[in-house]
Number of protein chains: 2
Amino acid sequence: MKNIVRLCIFDTVTRNCKFINKYRMPERHSGVLDVSVDNVIFGFDENILKVLVIERKPFPDEKKGMSAIPGDLVYPKESLDEAAARVLKDLTSLEGLFLKQFHTFGNPNRVKDLKDQEWLTNFRLNPERRVITIAYYSLIKMDEYQLLPSYFAEKAEWVDVLEVPDLAFDHNEIVSKALEALRQGLDKEQIGFELLPEKFTLTQLQNLYEIILNKKFDKRNFRKNIKKMEHVVPLNEKQEGVLHKPAQLFKFEKAV
Amino acid sequence: MKNIVRLCIFDTVTRNCKFINKYRMPERHSGVLDVSVDNVIFGFDENILKVLVIERKPFPDEKKGMSAIPGDLVYPKESLDEAAARVLKDLTSLEGLFLKQFHTFGNPNRVKDLKDQEWLTNFRLNPERRVITIAYYSLIKMDEYQLLPSYFAEKAEWVDVLEVPDLAFDHNEIVSKALEALRQGLDKEQIGFELLPEKFTLTQLQNLYEIILNKKFDKRNFRKNIKKMEHVVPLNEKQEGVLHKPAQLFKFEKAV
DNA sequence: TATACTTAGTGTAAAAATAACACTTATTAA
DNA sequence: TTAATAAGTGTTATTTTTACACTAAGTATA
């Protein structure tokens, strides 16, 4: 126990001193890191796969916000999954959505490299501290979502996944790794279930696959494969309001 | 910039005061986390897949060490990959080995839940702080490795992957997720390359696949598949010192 | 009410991949 | 010379994948 020392933390503004017992780390050890989660939110809209990009609220005396992937520091009492779900809920008011951790980014300069350090305060980040971020991707149905202003986002908007603008930090890299992870998981996870409206046509489903994988499929072969998936079930309903032969509607059935 | 305050850190032992400029986080934000890397090291030995388990050096006044996966806090200036490589090098003196990040574990209680809190100091951890760990797995050829005593490990030993003993924290969970990730990556990554000796027989290669995937293969079909892989190339050499028909030797050729 | 337009929906045959299966060969030791 | 051991090798049946083009159902309009 000889490595525990008593420290006084004195705040020169409030003039308060708080004593703490602190374990003294070997010099080289860290303990000067912040940990955040970032959440790449995918939505599918007819023929385009979109990503949710936010503009941070500018602080009162600042001119403009800055674009980024939604994220926040992890709170002391919550798990990483909970933190990612919280960010998602603040923005969309939706809970229980699909969320998948795919990579952790921790380059020591990922924050400091930023040219305009003023922007950092925009993100409530201390420019002196290193930030490690655990990245998640999540999937939401466009017909369900409703973008909310949140305490960390001035505005949120959907952008085409192939035309993501320049983002803060290494967020462009994070988005492209998320897309890779999404492609990997397409067959394994219940991804169609998460991205399509409740009732959908087989053409919509095929579109989803083609756009995510950036690859064309043969219509007949695709449908043969779908028939084998017992979680895609036909409804006794047809598409309405289209000016051509209406397609049969299908739904997903959750596995038991 | 009004969120930056000047703090004095006063060490009651050395009687020194250090002033720092500190960004004041919103109350709910963290900044009280430690970040570590843990490294599940797989080695393959003829017919067994093994994992490297260390016993921490007991502190002078403590009786026994404790078993765990090798890991360490991340240093301020190094990337996560570098931290994982450093842990690996300290233990084996090998550099440039295969390393893959597979998951980040951050349950808020993964450290505090430990019953015997005394053990924590054994790991140089402050029991008051939450620890998030980025987990890697790595692969080494058993015929190359040489276990070294390191500053954090009293002794290191290989254990059968199916008979891993009880480990500290959530390290058993980490090992089983690592095995899952290894199985996933078996075909994609150059895993055989990393686990077999330089020259190997097709039976050894088949063994490796069967043990990692826990599944039997037909000898002839397996060999047909290997013939398609242009990175597995036959040598003009045969096995020596065996009391049966000697097998042809093969090597891996790195892709261009 | 016929026609033009649009997307939905469907089957078959060839090719490729996978799975199942058993005997002969090369070497060493006794 | 023989016994023991693991190496090495081909064929056939089955399944999966690929390639390919026309008819059907509905809407709008002339």
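Heavy atoms only: backbone and side chains are in, while hydrogens, waters and symmetry mates are out. Small disclaimer: the values here were computed from a predicted structure and weren't measured. Below, chain A is the first sequence line, B the second, and so on; all start at residue 1.
Going from atom NZ of Lys216(B) over to atom C1' of dA19(C) covers 17 Å, rounded to whole Å. Rounded to whole Å, atom C1' of dT7(C) lies 13 Å from atom CD of Gln204(A). The separation between Asp218(B) atom CG and dT11(D) atom C1' is 13 Å, rounded to whole Å. In this structure, the CD1 atom of Ile226(A) is 14 Å from the P atom of dA8(C), given to the nearest Å. Counting to the nearest Å, the C1' atom of dT15(D) and the NZ atom of Lys228(A) are 9 Å from each other. Regarding Gln239(B), its CD atom lies at a distance of 8 Å from the P atom of dG8(D), rounded to whole Å. Nucleotide dG9(C) holds its C1' atom 12 Å from the CD atom of Gln206(A), rounded to whole Å. Between the NZ atom of Lys215(B) and the C1' atom of dA19(C) there is a distance of 12 Å, rounded to whole Å.
Residue pairs that meet the salt bridge (Lys or Arg N to Asp or Glu O under 4.0 Å) test with at least one member in residues 218-240 of chain A, sequence neighbours left out, are Lys199(A)-Glu237(A).
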When you compare the protein's N or O atoms with those of nucleotides 21-25 of chain D, which come within less than 3.5 Å of each other, and at what distance?
| unit_1 | atom_1 | unit_2 | atom_2 | d |
| --- | --- | --- | --- | --- |
| dA21(D) | N1 | Arg220(A) | NH1 | 3.3 |
| dA25(D) | N3 | Lys245(A) | N | 3.3 |

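Using a 4.0 Å heavy-atom cutoff across all strands shown, Gln248(B) reaches sugar-phosphate atoms only and no base atom. Counting any heavy atom pair closer than 4.0 Å across all strands shown, Thr203(B) reaches sugar-phosphate atoms only and no base atom.
Mapping Leu243(B) and Leu243(A) onto DNA chain D by nearest heavy atom places Leu243(B) closer to the 5' end of the strand. The residue among Val242(A) and Asn221(A) whose nearest nucleotide of DNA chain D is located toward the 5' end is Asn221(A).
In this structure the side chain of Leu235(B) never reaches within 4.5 angstrom of the side chain of Gln248(B), judged on heavy atoms. Asp81(B) has its side chain within reach of Tyr136(B): a pair of non-hydrogen atoms, C-beta onward, lies under 4.5 Å apart. When side chains are defined from C-beta on, Phe44(B) does not count as touching Leu139(B), because their heavy atoms never get closer than 4.5 Å.
When the salt bridge (Lys or Arg N to Asp or Glu O under 4.0 Å) test is applied to Glu180(A), no partner is found at least two apart in sequence or on another chain. Contacts of Phe193(B) classified as ring pair (Phe, Tyr, Trp, His ring centres under 6.0 Å), with partners at least two apart in sequence or in another chain: Phe252(B). Residues passing the salt bridge (Lys or Arg N to Asp or Glu O under 4.0 Å) test with Lys216(A) are Glu210(A), sequence neighbours excluded.
Side-chain atoms of Lys224(A) lie closest to dT18(D) of the nucleotides dA19(C), dA7(D), dT18(D).
In this structure, Arg223(A) reaches the dG9(C) phosphate: one of its side-chain N or O atoms is under 4.0 Å from OP1 or OP2.
Taking the six-membered ring where the residue is Trp, Phe222(B) and Tyr209(B) present perpendicular rings, their angle passing 60° and hence far from 30°. Between Phe42(B) and Tyr137(B), the ring planes are perpendicular. Angles over 60° get that label, and only those under 30° would be called parallel.
Within the helix from dT1(C)-dA30(D) to dA30(C)-dT1(D), the inter-axis angle between the opening and closing five-pair segments is 10°, rounded to 10°.
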